[in-house]
Student: 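Have a look at this one before I ask anything.
Each ligand, and each atom within it, is numbered from 1 in the order the structure gives. Just so we're clear, the structure is a prediction, and the values are computed from it rather than from any experiment.
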Amino acid sequence: MKKKSGLQAKISFRLKNLSTLGKYVFAEMAGAKRKALNSGIEVIDLSAGNPDLSPPKEVVEALKREADNPENHRHPIYEGMIELKSAIADWFYRRFNVRLDPKEEVLILIGSKEGLAHLPLAFLNPQDFALVPDPAYPVYKRGVIMSGGKVYELPLLKENGWLPDLDRINRKVLDRTKLFFLNYPNNPTGALAPKEFLEKVARFAKKNKLILCNDMAYSEITFDGEKSFSLLEIPGAKECTLEFHSFSKTYSMTGWRLGFVVGNKKLIRVLKEFKTNLDSGVFHVIQKAAIVALSLHPQVIASICRKYQNRRDILVPGLKSLGWEIDLPRGGIFVWAKIPRRKSSKRVSLELLRKTGVLTTPGSGLGSCGEGYLRFSLTVPGEKIKEALENMKNFKGIWVRETDP
Ligand SMILES: Cc1ncc(COP(=O)(O)O)c(C=O)c1O
């Protein structure tokens with residue numbers, strides 16, 4: 001057979017499949033931000049979920065200290081240091097009252113994105129289905145598509161409390177489904193999942209022989225005294241669950257790239273086998289500093305939540321007074337705001353950036369059910385949020401003009 005020439009012929013189906021989805025929304029908005037900055041616009045970035053708070057000082061001090069130890073600069077242990085895995089198991093018991101075997105039920109990740117994106121490659125064959133919420137963090141869908149699998153979207157709607165309706169899932173699809181992605185506290189809607197819903201999900205997964213991939217990146221960022229639940233708190237759920245956690249949001253260690261997955265030991269073993277062939281673990285200096293993070297007093301986390309809550313309590317009433325429709329977020333670091341008129345979220349987002357310097361994420365970039373919404377992140381100080389609202393006040397025409405498409 002004659003080999004085709006040109007770059008396109010060399011690119012694998014994995015990336016080609018992705019091109020049907022358009023660009024990764026956050027990369028696209030980062031490009032729009034660069035352009036705006038180059039043209040002299042002062043940008044207030046409420047787009048990416050990139051915490052602006054500093055990591056706790058004890059953790060940074062540990063990082064510096066551990067960097068002085070030459071032993072920590074050697075090749076990392078693939079699955080993560082047992083000291084960190086034990087600290088995670090202890091934290092999990094304190095936080096969720098769930099016991100984990102640090103050796104077999106905990107695996108260290110290079111950020112939870114890495115684990116979530118690789119998971120479908122480890123478990124899906126071409127044409128296998130994964131259930132993916134819509135709107136959602138784009139990595140679930142993209143990981144499935146790159147693996148050659150198929151996505152069955154589960155709309156998250158306001159009238160269902162932003163929870164997927166399990167009773168509406170197509171039976172024939174279910175027979176071909178292996179993975180079920182969930183994420184609460186939810187990005188982008190700010191919803192929490194009640195325990196009864198998690199119980200229902202666990203029963204559903206067992207009945208339909210699914211692997212539950214529960215993304216808890218925002219597990220600790222909750223408001224008004226509420227707490228999130230782990231799926232592993234549900235008796236028997238460990239049989240079919242992998243739960244992903246992150247140091248990025250709770251401790252603002254986003255650039256450090258550290259996360260972990262806990263759950264069923266057989267499933268963990270598969271992911272570990274896959275990763276061992278692909279990466280070489282996380283710098284030990286970072287893992288040792290993370291042990292310090294897990295030992296911090298719960299008050300440290302409570303104070304971080306208060307900061308985000310204060311910002312929420314500026315942004316939400318401010319946007320409401322401008323006519324936007326919003327459910328008060330109960331967790332996470334985002335405000336999911338319905339555009340007052342039916343307009344393309346991408347158009348509104350780009351126009352807002354050009355005219356007011358306020359950078360948001362268009363809901364359509366997070367799934368088709370996100371159309372009509374913008375996601376505002378709470379990752380700038382309150383004063384900046386007030387400035388963003390003030391700028392927006394002068395350009396209401398962007399979202400109320402009568403020339404709507
Ligand atoms: C819902 C959700 N899950 C996972 C991640 C990835 O976090 P990290 O890879 O930094 O652990 C993010 C980051 O924005 C997210 O919003």
Student: For this output row, return yes or no: ring centroids of Trp324 and Tyr373 closer than 6.0 angstrom.
Tutor: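 No, they do not, as the ring centres are separated by 6.0 Å or more.
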Student: Out of Tyr218, Tyr184, Phe244, who gets a non-hydrogen atom closest to atom 16 (O) of ligand 1?
Tutor: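 Looking at heavy atoms only, the winner is Tyr218.
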Student: Enumerate the atoms of ligand 1 whose separation from the nearest heavy atom of Asn183 is less than 4.0 angstrom.
Tutor: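 What qualifies from ligand 1 is 1 (C).
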Student: Looking at ligand 1, does Glu114 have a heavy atom less than 4.0 Å from it?
Tutor: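 Per 4.0 Å heavy-atom rule, Glu114 does not contact ligand 1.
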Student: Could you walk me through whether Tyr152 and Ile169 satisfy the side chain to side chain contact (heavy atoms under 4.5 Å, CB included) test, starting with their C-alpha distance in whole Å, then the side-chain angles of each, then the deciding distance to 0.1 Å, before giving a yes or no?
Tutor: CA-CA 9 Å; Tyr152 184 86; Ile169 301 172; 3.7 Å; yes
Student: Ignoring hydrogens and geometry, is there a side-chain-to-backbone donor-acceptor pair from His284 to Ala67 under 3.5 Å?
Tutor: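 Answer holds: no.
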Student: Quick one: which ligand 1 atoms are inside 4.0 Å of a heavy atom on Gly111?
Tutor: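 Listed by number with element: 9 (O), 11 (O).
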Student: Taking 4.0 angstrom as the limit and counting only heavy atoms of Arg257, give me the atoms of ligand 1 inside it, by number and element.
Tutor: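 Contacts of ligand 1 toward Arg257, numbered from 1: 8 (P), 9 (O), 10 (O).
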Student: Could you say whether the N/O atoms of Thr254 and ligand 1 ever approach to under 3.5 Å?
Tutor: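 Looking only at distances, the answer is no, because the N/O contact criterion of under 3.5 Å is not met.
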Student: Please report whether ligand 1 has a polar contact with Ser112, defined as an N or O pair separated by less than 3.5 Å (distance criterion only).
Tutor: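 N/O-N/O distance below 3.5 Å exists for this pair.
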Student: Both conditions, 6.0 Å and 45 degrees, for the charged tip of Arg330 above the ring of Phe223: are they met here?
Tutor: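 Checked: cation-pi criterion not met.
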Student: Would you mind listing which atoms of ligand 1 come within a distance below 4.0 Å of any non-hydrogen atom of Asp215?
Tutor: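 Those qualifying, in numeric order: 1 (C), 2 (C), 3 (N), 4 (C).
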Student: Nearest 0.5 Å, please: how far is CD in Glu114 from CZ in Arg257?
Tutor: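 It comes to 9.0 Å.
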Student: Among all protein non-hydrogen atoms, which one is nearest to atom 14 (O) of ligand 1, and what is the separation to 0.1 Å?
Tutor: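 I find the closest protein heavy atom is Lys249 NZ, 2.9 Å.
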Student: Determine whether the side chain, the backbone, both or neither of Ala217 has a heavy atom under 4.0 Å from any heavy atom of ligand 1.
Tutor: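 Within the 4.0 Å criterion, Ala217 contacts ligand 1 through side-chain atoms alone.
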Student: Just one of Lys33, Arg34, Lys384 clears the salt bridge (Lys or Arg N to Asp or Glu O under 4.0 Å) bar with Asp45, so which one?
Tutor: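 That would be Lys33.
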Student: Can you sort out which atoms of ligand 1 are near Ser248, meaning under 4.0 Å from one of its heavy atoms?
Tutor: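 Contacts of ligand 1 toward Ser248, numbered from 1: 8 (P), 10 (O), 11 (O).
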Student: Regarding atom 12 (C) of ligand 1: of the candidates Tyr140, Tyr137, Phe26, which has the closest heavy atom?
Tutor: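 That would be Tyr137.
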Student: Starting at CZ of Arg142, measure out to CG of Asn17 and round the result to the nearest 0.5 Å.
Tutor: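 So the CZ of Arg142 and the CG of Asn17 are separated by 12.0 Å.
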Student: Measure from NZ or CZ of Arg176 to the centre of the six-membered ring of Phe129, then state whether that distance is under 6.0 Å and the direction lies within 45° of the axis.
Tutor: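 No.
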